[in-house]
Amino acid sequence: MPSAVLQRPPRTSAPRRDVPRRTRVLALAEARWAAAATTAFLLALPLQLTGAPAWTWGVLHAVAYVTGGWEPAWSGLRALGARTLDVDLLMIVAAVGAAAIGQVLDGALLIVIFACSGALEALATARTEDSVRGLLALAPETATRLAADGTEQRVATAELAVGDVVLVRPGERVGADGRVLDGAGEVDQATITGEPLPVPKEPGDEVFAGTLNGTGALTVRVERDAGDSVIARIVAMVAEASETKAPTQLFIERVEQRYSVGMVAVTLAVFVVPLLLGAELTRSLLRAMTFMIVASPCAVVLATMPPLLSAIANAGRHGVLVKSAVVMERLGQVDAVALDKTGTLTEGTPEVAAVRPLPDTGLDEETLLTWAAAAEHPSEHPLARALVAAARARGLRLPAAEEFTASPGTGVRATVDGARIAVRSPARLLPAGGPADARTGALVAELEESGHTAVLVLRDGVPAGVLGLADRLRPGAATTLASLRALTGRAPTLLTGDNPRAAARLAAEVGITDVRAGLLPEDKVSAVRAQEAAGRRVLVVGDGVNDAPALAAAHTGIAMGRAGSDLALETADAVVVRDELATVPAVLRLSRAARRLVVQNLVVAAVFLSGLVVWDLAGDLPLPLGVLGHEGSTVLVGLNGLRLLRETAWRRAAGPA
């Protein structure tokens, strides 16, 4: 089966834009072969069960065997050439052995299960690699480099070196990590830090490759080569984190090897030893084939898969896409949770949280908000949309704004009802001197200390009031975090690239005490790995490109799907499609229920398998009875696992802890 480990890009490679499109399912050979095998099996099944002529369903079963089995068989033969034996080849041998003694349906079912499993693994690997390559396209292909004499030259970003000076015009993406030398503007760097609002930039501030310059021209000095940019490091960390899963895969392969060798050895012994003692060839062959059927891990496979697949299907009906049965099982092992802030605990869009007219101005909240919203109405800035939405929510009529102007990084001016209204950043334009200025500064400081983004409103150059904006908390966030705390036995951790005050305000609202703010993607990975090193199985919940490395490094990752980045959605092990945060603890409980059923089924399967094997080795197990016991245990564990398909299973998982 295909490896799920990403190929790490060279450190010297620059981001490229000529990346392939998203891989289609049927573009994968594994998916085409699995589809052909499944179709043939489903066509043959009703024919065989209704007593149709054997040649009708026999041909279809043969097609299922060939299309679904040739690839694992060839892979197994190559492994044999390297002196290893895996379960894939063992399953093919068991399927052929079953067909040889008339159990064609059993063999075809084994073939279909393994073909579909290989196709799903290949698709997950291809989609993840697509997203990693797509991330590299965030950085522009070219940049404007300024020579010492001020002349401009359009060059490939791969040619930029540390110390070069580049010009970033409004609407362009930054070509390299660096520091602003001249100019002012607002840069949308949500792809790197997750901050919901564009960040004002002025000389001395750091900027990152791939972020979008919204307003104002910036002159930037390059401080990192293309291969060392934050985006390139994100790609490298996703690949590196994927590689850390390899030891687990190696452990599984060692178990498969021992089981395969042991089963083949015993099967040969069951066939050869009676022959040496004088038994008939036909009787010895029949006994060996009976052993291969009853010792086949088909029942064990079905003991594990139905509960997990049923849980996956049930979670999918309720808006949580779990990417594999392995992920569903791992979710139940989680004992620590780390969450992103913007777009995860919050909705990722600002809203007006406070309207504060200055004392002695005689203004009320509605008037102050009306002025600010009317002045901002022509703007496309997220802050402007928040002000207009708040005014409309209160039913306020917005007068027309005239003589509208916008200043990059500072705010807007407009004439509203004959007065000159300005909505500005208080950090840059707060007037100095006088008791009114002191009151304004105190009000701004109060709002900023509480984690709000403060916006100053002036009328004819005189401060009229201050507005406080904050990211909207998702409904039920506090209840969800309480459920996660009850499930894991410890309080969740907040990992965010946002500023510490905003993070602290939100953490206080939802009851989080462990807050890590101002983090870059590598900082989030370090925080996750520190918890993993302490022996915890960490679940990371996030939504952005900046969360992808932590999602990959964690024991399990869940992405918010509605506004999540492509890389986060592909890197995560599960996706909350409708951004309903309350489904996260629900899917954890469902996973734990599935794991309990897996244990029950494994006990049942082990009892049947060991009993039948002992009977065949120590006694004379009739083939029909062996098949009946084998199939009976398979049906029993399958039906037990399907219990999690019921709606009541989700209601129990979504209920209180």
Side-chain angles (χ1 to χ4, degrees), residues 184-187 195-202 204-205 215 341-342 346 349-376 379 381-391 394 405-414 416 419-473 496 498-509 517-518:
E186 291 182 328
V187 176
E195 292 176 278
L197 292 173
V199 179
K201 297 292 182 180
E202 58 185 8
D205 290 339
T215 57
K341 171 185 169 287
T342 304
T346 68
T349 55
E351 66 172 354
V352 176
V355 181
R356 301 287 186 85
L358 286 174
D360 303 329
T361 60
L363 297 176
D364 56 21
E365 293 185 2
E366 284 72 18
T367 302
L368 181 65
L369 181 59
T370 298
W371 287 351
E376 288 278 9
S379 174
H381 195 283
L383 183 148
R385 292 195 292 268
L387 293 179
V388 173
R394 297 192 183 198
T405 60
S407 301
T410 56
V412 303
R413 289 180 181 270
V416 179
R420 193 63 174 165
I421 303 299
V423 183
R424 296 292 178 113
S425 166
R428 298 186 179 183
L429 295 175
L430 188 62
D437 302 334
R439 290 194 297 269
T440 303
L443 191 53
V444 168
E446 177 187 342
L447 289 173
E448 290 184 341
E449 285 297 326
S450 63
H452 295 86
T453 299
V455 177
L456 179 62
V457 182
L458 301 98
R459 183 177 186 271
D460 294 329
V462 179
V466 182
L467 306 177
L469 289 93
D471 202 356
R472 183 186 292 112
L473 192 66
T496 177
D498 211 345
N499 68 79
R501 287 189 298 244
R505 178 192 63 81
L506 180 131
E509 287 186 45

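What you see below is based on every heavy atom in this structure, not just the backbone, and it leaves out hydrogens, waters and symmetry mates.
Scanning all heavy atoms of the two residues, the minimum distance from V412 to R424 falls at O-NE, 3.5 Å. Taking each heavy atom of A386 and P350 in turn, the nearest pair found is CB-O, 3.4 Å. The minimum heavy-atom distance linking A375 with I421 is given by the pair CB-CG2, 4.0 Å. For the pair R505 and A470, the tightest heavy-atom approach, listed with the atom from each and the gap, is NH2-CB, 3.3 Å. Pairing each heavy atom of L456 with each of P463, the nearest pair is CD1-CB, 4.2 Å. For V457 against A372, the heavy-atom pair with the smallest separation is CG2-CB, 3.9 Å.
Distance OG1/T440 to CZ/R356: 13.0 Å, rounded to 0.5 Å. Atom-to-atom distance recorded for L443:CG and L358:CG is 6.0 Å, nearest 0.5 angstrom.
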With side chain to side chain contact (heavy atoms under 4.5 Å, CB included) as the criterion, how do R394 and V352 come out once you've worked through the C-alpha distance, each side chain's angles and the decisive distance to 0.1 Å? CA-CA 11 Å; R394 297 192 183 198; V352 176; 5.6 Å; no
Starting from the C-alpha separation in whole Å, work towards a yes-or-no answer on side chain to side chain contact (heavy atoms under 4.5 Å, CB included) for L368 and L467. CA-CA 9 Å; L368 181 65; L467 306 177; 4.0 Å; yes
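Two residues are said to be in side-chain contact when any heavy atoms from C-beta on lie closer than 4.5 Å; D364 and T367 meet this criterion. In this structure, the side chains of R472 and T346 stay at 4.5 Å or more apart for every pair of heavy atoms.
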